[in-house]
Amino acid sequence: MLAALSRVKIPRRPSSELLLRCIFEQKVERGELSPLTLSSVTCSRKVGGVRDVSTSSTLCTKVRGNSKKREMSEKKLTRHFVDHRRVKLVAGSGGKGASSFHSEPRKEWGGPDGGNGGDGGSIIIKADRFVKSLAQVVPVYKGEDGESGGSKNCYGRNGSPTYIRVPLGTVVKEQGKTILDMTEHGQEYLAAFGGAGGKGNRFFLSNENRSPMTATPGITGQERLLQLELRTMAHAGLVGFPNAGKSSLLRAITNARPAVAAYPFTTLNPHVGIVKYRDHEQVAVADIPGIIRGAHLNRGLGISFLRHIERCRFLLFVLDLSAPEPWTQLQHLRYELDQYEPGLSQRPQAIIANKMDLSEAQEKLETLKSHVSQRVIPVSALTGQNTEELILHLRELYDGYLQGGGNG
Ligand SMILES: Nc1nc2c(ncn2[C@@H]2O[C@H](COP(=O)(O)OP(=O)(O)OP(=O)(O)O)[C@@H](O)[C@H]2O)c(=O)[nH]1
Ligand SMILES: [Mg+2]
C-alpha cells in the first residue's frame, strides 16, 4: 500500500500555491492580513530610464524572468509585508515619591527630604519615510516607568518616550474611528501619556506641618488600544477582475515587476510602479489585486484591497477583451466600488481595453465603446501596443488632479 502511494506523483507547485492562497484568504477573512508590497516601491526606485512618450518602442514588454523566481518573490512579500496592526499601548507609570528625613550628626531634625518620582514615559507614533510596512510594529508597547524619588531631595528620572515608527500613509484608528492620518515625514502623535510621578514628603512641607510623612505613589500610564492601517498612496489604481492583465500592464508602463500568470489572484498584494516623464514628473500607479463580484462583502480577497483603491486619486479600469462581455465587467467593478464607498467609482478615470492583440478583441472594442460614455484606451499589455496613449492620458489625469489642488 505504502509502496503504491509512494509511486503516485503529487504535483508540487500547484498544491503549494493552493495552500498559500487558502492560508492567505483565511487570514484576510479574519482581518489578520491584507498585505501590500514594499518591494514594488523599491523596484520602482530602481527605475533608471526616464519615461518619454516619444520612445514608445521601448515600452513593448515581454513577461520576463522565470516563473519560479517570480512566485518566490510574491511569497516572500506576502510574508514580510504587513499593512494592518492592532496595538495595545500602556504608557509608563510615574515613579513613587519618597518619604525621608534629613539627618546628620549635630543636625538631627533636618526636615523632610523625600524627592518626587519621575514621570512615566509616553508612547509616540512617528511617521518615518524610511519605514515601509507595519511589520516591525509589535502587538503591545509598554512605556518606561519613571524612577522613584530618593532621600536627600533626589528626584526620580523620567521614563524616556517610546517611539513607534510607522510608514507614511498610516491611519491611526480607535474603535473603528479614524483619529489621524500620518502623511508627513517626522509627524508625531502622542498616543499614550505617561503617568505623572508621585510627590515626595518634601513637597508637603508647610508652616502647619513641619514634618510631613506623606508621599504619593505615581499615577499609572494611559492605556489605549489602537488600530494602525497602512493604505497605498498611489496616484492611479489599476482596478479590474482577476486575470484582466493589470500586473502585465504595470510591467508594461513602469519598471515594477509584479508576478504575472494565467490564473486568477496571481497578485496577492498591491504593487506600486512609477511612470517617469521627461520633465521629471512622476506618477505612481498601483496594481491592486483582482476584485470579484461580492468583494464589498469580503468575497475573494475582499475589502482589504478596496481600501487601497480608496486612496487612489484616479482609477484605471482594466477590462479583459477576451471575456465574453467586457462591459458587464465594468458595471460589476463600479458596483463593488460604490458599495464600499458611495461615489468611489466616479473618481477621474479611464477605461482600458486590454488584450487587443487577440483576434476577437477589435469587434468587442466597438461594442464596448457603444456601451460607455468615457474614453476607452485599447492596449495590449503583452505586446506593448498603444501603451503610449495610456501614458499620455495618465499624465492628463495627473495634471488635472494637480490643477484641482492636489499636492502630489
Ligand atoms: N494575449 C494577451 N494576454 C495578456 C495580456 N495582458 C495580460 N495577458 C495574460 O493574461 C494573464 C493574466 O495576466 P496578469 O497580468 O497576471 O493579470 P492580473 O489582472 O494581474 O491578474 P490577478 O493578479 O490575478 O488579478 C497572463 O497569462 C498574461 O500573460 C494582453 O495584452 N494580451
Ligand atoms: Mg496581477
Side-chain angles (χ1 to χ4, degrees), residues 14 17-18 20-21 24-25 28 34-37 39-40 43 59-67 69-71 73-75 77-78 81 232 234 236-273 285-295 299-302 304-306 308-309 315-323 326 329-330 332-333 336 351-365 368 376-391:
E17 275 157 14
L18 205 66
L20 175 72
R21 186 149 302 128
F24 181 83
E25 283 186 9
V28 169
S34 75
L36 136 145
T37 56
S39 78
S40 40
C43 272
L59 302 175
C60 303
T61 59
K62 281 184 267 169
V63 177
R64 268 169 271 168
N66 71 45
S67 59
K69 208 170 172 186
R70 284 197 304 271
E71 218 178 278
S73 73
E74 188 80 28
K75 279 184 192 174
L77 297 167
T78 309
F81 199 84
T232 314
L238 295 167
V239 182
F241 270 66
N243 252 348
K246 301 175 293 299
S247 305
S248 310
L249 203 59
L250 191 74
R251 281 171 159 263
I253 62 173
T254 73
N255 273 24
R257 288 289 169 264
V260 166
Y263 53 78
F265 297 117
T266 312
T267 307
L268 299 177
N269 315 299
H271 287 247
V272 180
V285 182
D287 166 25
I288 295 158
I291 285 180
I292 57 167
R293 292 184 70 182
R299 277 193 62 208
L301 295 179
S304 50
F305 297 114
L306 288 167
H308 298 296
I309 296 175
L315 307 176
L316 304 174
F317 287 106
V318 184
L319 303 183
D320 180 355
L321 284 213
S322 68
Q329 280 191 359
L330 186 65
H332 294 322
L333 288 172
E336 291 305 321
I351 296 163
I352 299 163
N354 190 28
K355 308 200 183 179
M356 282 307 291
D357 54 299
L358 299 175
S359 52
E360 72 274 29
Q362 195 59 43
E363 205 179 299
K364 282 187 194 158
L365 178 70
L368 173 66
V376 179
I377 305 174
V379 297
S380 168
L382 200 68
T383 62
Q385 175 195 333
N386 207 29
T387 41
E388 183 184 308
E389 187 186 341
L390 169 61
I391 288 167

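Just follow the structure's listing: the first ligand is 1, and inside any ligand the first atom is 1.
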Original post:
Going by atom types only, do Asp357 and Thr383 share a side-chain donor-acceptor pair under 3.5 Å?
Top reply: no

When you measure from the side chain of [X] to the backbone N and O of [Y], does any donor-acceptor pair fall under 3.5 Å?
{"X": "Thr254", "Y": "Arg251", "answer": "no"}
{"X": "Asn354", "Y": "Pro378", "answer": "no"}
{"X": "Lys364", "Y": "Leu321", "answer": "yes"}

Looking only at distance, does [X] have an N or O less than 3.5 Å from an N or O of ligand 1?
{"X": "Ala244", "answer": "yes"}
{"X": "Pro242", "answer": "no"}
{"X": "Asp287", "answer": "no"}

Between [X] and ligand 1, which part of the residue brings a heavy atom under 4.0 Å of the ligand: side chain, backbone, both or neither?
{"X": "Pro258", "value": "neither"}
{"X": "Leu358", "value": "side chain"}
{"X": "Leu249", "value": "neither"}
{"X": "Val260", "value": "both"}

Could you check whether any side-chain heavy atom of [X] comes within less than 4.5 Å of a side-chain heavy atom of [Y], counting everything from C-beta outward?
{"X": "Leu315", "Y": "Ile309", "result": "yes"}
{"X": "Val272", "Y": "Val285", "result": "no"}
{"X": "Gln329", "Y": "Asp320", "result": "yes"}

**OP:** Look at atom 26 (C) of ligand 1 and find which of Ser247, Ala261, Ser380 reaches it with the closest heavy atom.
**Re:** Ala261

Subject >> Proximity winner for atom 5 (C) of ligand 1, if only heavy atoms of Met356, Lys246, Lys355 are counted >> reply: Lys355

Original post:
Can an N, O or S atom be found in Asn243 less than 2.8 Å away from the Mg ion (ligand 2)?
Top reply: no

Original post:
Among Val379, Asn386, Thr387, Leu319, which one satisfies side chain to side chain contact (heavy atoms under 4.5 Å, CB included) with Ile352?
Top reply: Val379

Original post:
Going by the atom numbers of ligand 1, which of them fall below 4.0 Å from some non-hydrogen atom of Gly290?
Top reply: 25 (O)

